[in-house]
Number of protein chains: 2
Amino acid sequence: MTDSPFAAVRHLDLFAQMSDEAFARLMRGAYLQSFPPQLQLITEGDPSDFLHVLISGRVELYSSWDGRETSMATVHPVSTFILAATVRDAPYLMSARTVEKCRLVLIPSQDARAVFEQDFGFAKAIVTELARCYRSTIRTSKSLKLRNSQERLANYLLRQLGKSGNRTRFELLAEKRRVASYLGMTPENLSRAFNALKAHGVEIDGSSVTIVDRDKLLSFARPNPLLDDYSN
Amino acid sequence: MTDSPFAAVRHLDLFAQMSDEAFARLMRGAYLQSFPPQLQLITEGDPSDFLHVLISGRVELYSSWDGRETSMATVHPVSTFILAATVRDAPYLMSARTVEKCRLVLIPSQDARAVFEQDFGFAKAIVTELARCYRSTIRTSKSLKLRNSQERLANYLLRQLGKSGNRTRFELLAEKRRVASYLGMTPENLSRAFNALKAHGVEIDGSSVTIVDRDKLLSFARPNPLLDDYSN
DNA sequence: TGTTGGTCTTGATAATTATCAAGGCGACCG
DNA sequence: CGGTCGCCTTGATAATTATCAAGACCAACA
């Protein structure tokens, strides 16, 4: 086990402000593990045994009820997930599965809680991170309630456009069925929504999206920082 | 200005763990204010000037986009709202209006942030509170994506039933149009959903709800702690 | 006591979204 | 190279939800 994955953890905002001693205590029981694609890491409802830090690969968070399933988020490296369940010592609210081959650092939840009780810097960083997650989820909820599926897709594409550095052409970072579920619709509906957006300056070829007319898309999507700016 | 509202603030989980000194510093610039019904307290997008503590009355949190509006939550005393915006020093994501006559303690956000930086107890309490809010919002989002409107209403009624101490008859604590918006539907649709639930053991008379057959409602609603138990 | 304004309900209709079925396409693999 | 599998798309249809319009009800109030 090399030192580098732990260095990557250390550089995360969540762990950067804590003392070396507290970080060492946190990592004492932590370990790095690799997982194959499509492996279920977490089952919702289970007790939160580990704080997960994704080092490489992608992880999908999803939830189920009564045989239905919905994609809640995709986690990209390097970041943590299920922080809230860990600090509350409560069951996971979402399941997690690897999308591709992944490396994760697993930190025993009781260690995370113990260090949280002792290290002020860690506690402060957790506040910042949880506030960010909370606000992000509020935005998701607003988007679901205030917009129809075409509008959600249009704004999703604009956000992806921003993340890709405003190159007019970019790749969807997940399969369409996953994107559909994330946006709260069926794959069929997503397909038709893409067709509808052709009239608003969007071209799609496989997983490659081209924003032909950004202004036209903007005037249709009406993005709003209170729904679409996930940075704060 | 009597001392009692500040005592009520002190007893909130969020403020109970901090030092007397830190609490005093926090309250130095705080003040109690009364507001009439239907008054807009906060406009989404505005900078977060004050951490709000509701002492009496009810406050509705809501959001708008493109002329549409949706109810996000109803705040009951004694509790805080817009904590996340305050700690992140970010714009409010939701607007707030009084439902009835309200008394609020307003704590300058910069004081809250300053004390948060200094007082470990306060920081820890914020973590707990934010994690609770975050998980609550995740549940809302899951409910919106995994359930149709009748199922959302059925489970909402079961939650209200629990809150009322399982008395079979209880009052809706908000106008139906507000409940409808909170649950992500129109008032007309809510009205029809209530009619549909008659077949599953629910009787409605004005704002008074009677659960005639709890088991029948349970078998229709299929409540799940991962969606409906807002306590942790 | 009549008026007024709001909410709630109901019916009719439209829009949105989901479901079902079939076929196309591409990747992977024997 | 042919076959198989999964994903995506399209069409047809159904279910869900929203919109529009009208009327009932109720509380506040002059």
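Numbered from 1 within each chain, the chains take letters A, B, ... in sequence-line order.
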Report summary line: Whole-Å distance, A/K176 NZ to D/dG6 C1', equals 14 Å
Report summary line: Picking from D/dC7, C/dA12, C/dA18, the nucleotide nearest the side-chain atoms of A/N189 would be C/dA18
Requested in this report: Measure from NZ or CZ of B/K163 to the centre of the six-membered ring of B/Y230, then state whether that distance is under 6.0 Å and the direction lies within 45° of the axis.
Outcome: no
Query raised in the report: Any side-chain N or O of B/N148 under 4.0 Å from OP1/OP2 of D/dA15?
Result: no
Query raised in the report: Starting at CG of A/N195 and ending at P of C/dT17, how long is that distance when rounded to a whole Å?
Result: 15 Å
Query raised in the report: What about A/E188, does its side chain sit under 3.5 Å from the base of C/dC20 through a donor-acceptor pair?
Result: yes
Requested in this report: Spell out yes or no: do the side chain of A/R192 and the base of C/dT19 have one donor N/O and one acceptor N/O closer than 3.5 Å?
Outcome: yes
Report task. Give the rounded distance in Å between these two atoms: CG of B/L144 and P of C/dT17. Result -> 14 Å
Query raised in the report: Is it true that B/R178 and B/E60 have a side-chain N and a carboxylate O under 4.0 angstrom from each other?
Result: yes
Report summary line: Whole-Å distance, A/R177 CZ to D/dC5 C1', equals 13 Å
**Report entry** A/E69 CD to C/dA18 C1', straight-line distance once rounded to whole Å
**Finding:** 17 Å
Report task. May I ask you to check whether over 12 heavy atoms, not counting those of B/D205, lie within 6.0 Å of atom CG? Result -> no
Query raised in the report: Whole-Å distance between D/dC26 C1' and B/E175 CD?
Result: 13 Å
Query - Below 4.0 Å: OP1/OP2 of D/dC8 and any side-chain N or O of A/S191 - result: no
Query raised in the report: Which word best sums up how the rings of A/Y182 and A/Y156 line up, parallel for under 30°, tilted for 30 to 60°, or perpendicular for over 60°?
Result: tilted
Report summary line: Atom CZ of A/F194 and atom C1' of D/dC8 are separated, to the nearest Å, by 11 Å
Query raised in the report: If only side-chain N and O atoms of A/T186 are considered, is one of them under 4.0 Å from the OP1 or OP2 phosphate oxygen of C/dT17?
Result: no
**Report entry** Distance in angstrom units between B/M185 CE and C/dT9 C1', rounded
**Finding:** 15 Å
Query - Row check, B/Y62 ring normal vs B/R97 NZ/CZ: under 6.0 Å, within 45° - result: yes
